[in-house]
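For reference, the structure is listed below as structure tokens.
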2 protein chains.
Amino acid sequence: MSKSAKNSKSHPSAEPGDDIEEVIVEHIRTRVLIGALPPGTKLGEELLAETFGVTRSRIRQCLQRLSYEQLVELKANRGAFIASPGIKDAKDIFEARRVIERVTTEIVARTVLTHRLRDLRRKVDAQETAALHGNRKMAITEAGDFHRRLSSLAHNAALAGALEPLILRTALIFGLYGNSGAMFSVAEHHHRILDLIEIGDSNEAASAMERCLYALEGNLDLRRVGDAAVDVRRVLQRIL
Amino acid sequence: MSKSAKNSKSHPSAEPGDDIEEVIVEHIRTRVLIGALPPGTKLGEELLAETFGVTRSRIRQCLQRLSYEQLVELKANRGAFIASPGIKDAKDIFEARRVIERVTTEIVARTVLTHRLRDLRRKVDAQETAALHGNRKMAITEAGDFHRRLSSLAHNAALAGALEPLILRTALIFGLYGNSGAMFSVAEHHHRILDLIEIGDSNEAASAMERCLYALEGNLDLRRVGDAAVDVRRVLQRIL
DNA sequence: TGGGCACGGATTGTCGACAATCTTGATGAT
DNA sequence: ATCATCAAGATTGTCGACAATCCGTGCCCA
């Protein structure tokens, strides 16, 4: 193993040094969410430090943040592993999402100015085409973003903050138990939700959101999938 | 050999070293929640390290955890300060709590075995006597615990996890804007909620919880209180 | 053969020292 | 007097080295 990773000036640096951690966290996060790093995968500190060209202390901070989000599990003296939510976790998370998003959707339908929905509509379009092209990764991230942005339109930081980790974990769950076929149906649900918000029917919009989440949960294939071993370094390599 | 003879130091040690941080975090947390450390107070790392007899790195971790709970705000290169939630924060938090706790209460009323409520009832009693004796600190912590434990009876980790930080921040808010007179009325609300859960009236129980939270919010005196300076070391001194 | 047991290598956890940044207070020019 | 500037001290941020712990391997003995 040549230590050619010393390329100090090729990709890392140039970062203000403060949000370099945010970049790393986001990088790992997306890889986890699209399923490139299956649950159970070990994230060795030294390994990550080398691939990102930073010190171990910094990696340590990143892992801690990811563990706050419950995307990785930190076992004492053992290391960091991609979290592996169980069936019960999935069930709880979906129920919690229905509770929260039903309300945020209702609020948005009552209060939002329709022109604020244009970005959202475009996002669903992007998600739809991604699903049609079988681009699972983009479909998942776009779908998550849809829910995230919709919730932010309710202008309630506490509700959005409570929802955020649930959205993250949902993506992780979908990477685990997800059924690819559901992606297209989700886009349809999202379009329908937007339609109902646009005409200001808050009750129906909330119900549509609830149905969307039920459908999502119903599409899960909850048989445990064996953990496939992956080359962590290769998956995380190209940082940008 | 005696297992306790090893560490007879003044205050710290004797901790397995792993959850010593948890002890420190909890210690600071309670002090914040009972209002002994007013919002805006600076928590210097060196100072905390000395008073707890640990290294700065440890304190650093603790502060990071507290900042994740949004009880302290971490300003880059400036230090850690007790968080100071604004009016809008308070409003959002109460709305979010109503959304979540309405549901958890409803679930509990439908599913819980009544003998499971005895601890809860005792807790409300404790809270009531604390309120009567003007023991504000205990009343606040007991009230928080009531909501926390009640939510855990719904057996939904996601909902409980989403609620937890809201309960914490509510206590902080109450320490800031709280009206002491409300404490007694809160205990009454709690008794009433338990009554309704016991007879299995889930709708009324949920409504009672909602009213409890509305009452709580209504009792806030939202004029900004000037930050009183405190001696951080003295407040945190007696650990254990 | 199979189950401890100890040892060496690898990995995580902790610490103290140093670098970077902010705060304070004094200085001086307008 | 007011404000800008700038050093000196105090505080936070980062790093590399060392300590503690874990894991796989080979050995020993029943």
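Any value given below was found using the heavy atoms of this structure, including those in side chains, with hydrogens, waters and symmetry copies removed. Just so it is clear: chains get the letters A, B, ... in the order the sequence lines come, proteins before strands, and each one is counted from 1.
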**Prompt:** When you check the gap from the basic side-chain N to the acidic O, do B:Arg98 and B:Glu217 get nearer than 4.0 Å?
**Reply:** yes

**Item:** Side-chain N or O of A:Thr55 closer than 4.0 Å to phosphate OP1/OP2 of D:dC15
**Value:** yes

**Fill in**
When rounded to whole Å, the CD to P distance for the pair A:Gln64 and C:dT14 reads 10 Å

**Prompt:** At under 4.0 Å, does any side-chain N or O of B:Lys42 touch on OP1 or OP2 of C:dC22?
**Reply:** no

**Item:** Atom pair distance, as rounded to whole Å: CD in A:Glu46 and P in C:dT12
**Value:** 8 Å

**Message:** Output the rounded distance in Å from CG (B:Leu74) to C1' (D:dG13).
**Reply:** 11 Å

**Prompt:** Where the side chain of B:Arg58 is concerned, which of D:dC15, C:dT14, C:dT21 is the nearest nucleotide?
**Reply:** C:dT14

**Request:** Calculate the interatomic distance between B:Glu45 atom CD and C:dC15 atom P; express it in whole Å.
**Result:** 14 Å

**Message:** Tell me every residue that passes side-chain contact (heavy atoms from CB on, under 4.5 Å) with A:Arg56, counting only those two or more places apart in sequence or in another chain.
**Reply:** A:Glu45, A:Glu46, A:Ala49, A:Arg60

**Item:** A:Val72 side chain reached by A:Phe81 side chain, heavy atoms, under 4.5 Å
**Value:** no

**Prompt:** Considering residues at least two apart in sequence or located in another chain, which fulfil the side-chain contact (heavy atoms from CB on, under 4.5 Å) criterion with A:Ala160?
**Reply:** A:Ser151

**Request:** Quickly work out the B:Asn77 CG to D:dT14 P distance and round it to whole Å.
**Result:** 8 Å

**Prompt:** Of A:Arg56 and B:Leu43, whose closest DNA chain D nucleotide lies nearer the 5' terminus?
**Reply:** B:Leu43

**Request:** Give the rounded distance in Å between these two atoms: CG of A:Asp19 and C1' of D:dT14.
**Result:** 16 Å

**Request:** Rounded off to whole Å, could you give me the CD-to-P distance for the A:Glu50 and C:dT12 pair?
**Result:** 12 Å

**Request:** May I have the distance from B:Arg60 (atom CZ) to D:dC15 (atom P), rounded to whole angstrom?
**Result:** 12 Å

**Fill in**
5'-most contact on DNA chain D (nearest-nucleotide basis), A:Gln61 vs A:Arg78, goes to A:Gln61

